[in-house]
Protein chains: 2
Amino acid sequence: MAIPTPGQPVRGSRSGAPIMALFDLLGRRWGMGVLWRLSEGPCSFRVLQERCETISPTILNRRLKELREAEFIVRCDQGYCLTDLGRELHQMLVPLSCFSRQWAEVLRDETEEPS
Amino acid sequence: MAIPTPGQPVRGSRSGAPIMALFDLLGRRWGMGVLWRLSEGPCSFRVLQERCETISPTILNRRLKELREAEFIVRCDQGYCLTDLGRELHQMLVPLSCFSRQWAEVLRDETEEPS
DNA sequence: GCTTATGCTACGGTATGTGTAGCGCTTTCA
DNA sequence: TGAAAGCGCTACACATACCGTAGCATAAGC
């Protein structure tokens, strides 16, 4: 499966709008998850697999290839680590983490007290 | 396919960490795309489909259901629109748009001048 | 009553993800 | 120096998700 590239046709944009290319890449199963887990620190393939808890090696390897091609990840002596670009991307995901807790509360409130 | 719920086992977290539940939801094909396109303004099913350029009605409908269940989207007289929560989520995606343009430049520079 | 538009579903084919086993290689250490 | 353990990664069979097209049911306008 070709990795989505800005300027090339991608899901959501025949003209390859960068944001749609990024959504296409991160919107693959485990895309953001792998990035997120790796941001905890450089680590080996197997350790990363454990951090992800339930990912299969097949798909971990595929996502790693894609994210390396996109230059968010590189190989290093510890195994894999984020590039500067990757760290920057991770920074944009951090607010999502706060938001997700808020979201969890809203959902909980709705289901627990349908008053 | 069950929609990922914080607190329930999700991809990446057996204990259902909110951030992983959110990644699971948004990491489905077209998840973020639909949200992004809808943020341009409330619209009907068919108009939204056109905005997305290449989405099939089957999957648009499925994503809409999921995003409604997650309370990011509601029905309205124009068709569909974002909830307050959905608008908030969209705000977190805006920085990604800037980032994606930057990313596009990096990739372009790499491939055009491998000097 | 015919046209047009809407939301949405059916269905068959293809792409993508899952789970398990295990290969080839290097390191460790008795 | 050879067995054991760890590594990155692949093979393969199966399951699920997604795509593309056709088209149904309903409602409004003429």
Side-chain angles (χ1 to χ4, degrees), chain A residues 1-5 8-14 20-21 23-38 41-70 73-82, chain B residues 1-5 8-14 20-21 23-38 41-70 73-82:
Chain A
M1 189 196 187
I3 101 150
T5 313
Q8 300 299 117
V10 295
R11 235 184 292 272
S13 169
R14 289 187 238 268
M20 285 299 156
F23 281 168
D24 195 351
L25 183 66
L26 298 182
R28 291 174 182 191
R29 209 138 288 161
W30 281 105
M32 290 183 285
V34 166
L35 210 78
W36 186 261
R37 292 305 195 177
L38 189 55
C43 67
S44 71
F45 186 93
R46 297 224 168 171
V47 168
L48 186 52
Q49 194 182 347
E50 277 161 33
R51 283 190 194 165
C52 289
E53 294 191 28
T54 57
I55 198 172
S56 75
T58 318
I59 216 61
L60 174 57
N61 190 35
R62 201 179 303 171
R63 287 298 96 89
L64 282 172
K65 271 183 194 155
E66 293 165 359
L67 293 171
R68 276 201 281 168
E69 208 165 330
I73 284 181
V74 278
R75 302 230 43 168
C76 61
D77 44 358
Q78 293 106 314
Y80 294 94
C81 58
L82 294 182
Chain B
M1 190 193 189
I3 102 150
T5 312
Q8 299 300 117
V10 295
R11 235 184 292 274
S13 170
R14 290 187 237 268
M20 285 299 157
F23 282 169
D24 195 350
L25 184 65
L26 298 181
R28 291 173 182 190
R29 210 138 291 160
W30 280 106
M32 290 184 285
V34 166
L35 210 77
W36 186 260
R37 292 304 196 178
L38 189 55
C43 67
S44 71
F45 186 93
R46 298 228 165 167
V47 168
L48 186 53
Q49 195 181 347
E50 276 160 34
R51 282 189 194 166
C52 289
E53 293 191 28
T54 56
I55 198 173
S56 76
T58 318
I59 216 60
L60 174 56
N61 190 36
R62 200 178 305 170
R63 287 298 96 87
L64 282 172
K65 270 183 194 155
E66 291 166 1
L67 293 171
R68 275 201 282 168
E69 207 165 329
I73 285 182
V74 277
R75 302 231 44 171
C76 60
D77 42 359
Q78 293 107 314
Y80 294 95
C81 58
L82 295 182

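Worth saying up front: this structure is predicted, and the values here are computed from it rather than measured. Chain letters run A, B, ... following the sequence lines, proteins first, then strands; residues in each count from 1.
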Name the residue closer to the 5' end of DNA chain D, choosing between A:Glu50 and B:Pro57 according to the nucleotide with the nearest heavy atom. A:Glu50
Taking A:Arg75's backbone N and O only, do any of them form a donor-acceptor pair with A:Arg68's side chain (distance below 3.5 Å, no angle check)? no
Select base, sugar-phosphate, or nothing to describe what B:Arg29 touches, counting heavy atoms under 4.0 Å on all strands. sugar-phosphate
Distance, rounded to the nearest Å, where A:Phe45 contributes CZ and D:dT10 contributes P: 8 Å
Between B:Cys43 and B:Val47, what is the shortest heavy-atom contact and its length? CB-CG1, 3.7 Å
OP1, OP2 of D:dC19 versus side-chain N and O of A:Arg11: anything below 4.0 Å? yes
Please compare B:Arg46 and B:Glu66 by the position of their nearest nucleotide in DNA chain D and report the one closer to 5'. B:Glu66
Check this one for me: any side-chain N or O of A:Lys65 less than 4.0 Å away from OP1 or OP2 of D:dG8? no
Rounded to whole Å, the CD-P distance (B:Gln49 to D:dG23) equals 17 Å
At under 4.0 Å, does any side-chain N or O of A:Asn61 touch on OP1 or OP2 of D:dG8? no
Between A:Ile59 (CD1) and D:dA11 (P), how many Å, whole number? 14 Å
Once you round it to whole Å, what is the distance between P of D:dG8 and CD1 of A:Ile73? 13 Å
Contact interval (first through last nucleotide) of DNA chain C with protein chain B, 4.0 Å heavy-atom: C:dT6 to C:dT18
Pair up each side-chain donor or acceptor in residues 24-31 of chain A with any protein partner under 3.5 Å, not counting sequence neighbours, and list the distances.
| unit_1 | atom_1 | unit_2 | atom_2 | d |
| --- | --- | --- | --- | --- |
| A:Asp24 | OD1 | A:Arg11 | NE | 3.3 |
| A:Asp24 | OD1 | A:Arg11 | NH2 | 3.4 |
| A:Asp24 | OD2 | A:Arg11 | N | 3.3 |
| A:Arg28 | NH1 | A:Glu66 | OE2 | 3.1 |
| A:Arg28 | NH2 | A:Ala2 | O | 3.2 |

Euclidean distance, A:Glu50 CD relative to A:Ser44 OG, rounded to 0.5 Å: 7.5 Å
Rounding to a whole Å, what distance do you find between A:Arg62:CZ and D:dG8:C1'? 16 Å
Students often mix this up, so state it plainly: with edges at 30° and 60°, are the rings of A:Tyr80 and A:Phe45 parallel, tilted or perpendicular? tilted
Please classify the nucleic acid contact of B:Thr54 as base, sugar-phosphate, or nothing, using heavy-atom distances under 4.0 Å. sugar-phosphate
Could you tell me whether the phosphate oxygens of D:dC19, OP1 or OP2, come under 4.0 Å of any side-chain nitrogen or oxygen in B:Trp30? yes
Nearest-0.5 Å distance that lies between atom CG in B:Leu64 and atom CG in B:Leu48: 6.0 Å
Counting only side-chain N and O atoms of B:Arg63, is one of them less than 4.0 Å from OP1 or OP2 of D:dC19? no
To the nearest 0.5 Å, tell me how far B:Met20 CE sits from A:Met32 CE. 9.5 Å
Would you classify A:Ser44 as touching base, sugar-phosphate or nothing, given that sugar-phosphate means primed atoms plus P, OP1 and OP2, and contacts are heavy atoms under 4.0 Å? sugar-phosphate
Distance, rounded to the nearest Å, where B:Asp77 contributes CG and D:dA27 contributes C1': 16 Å
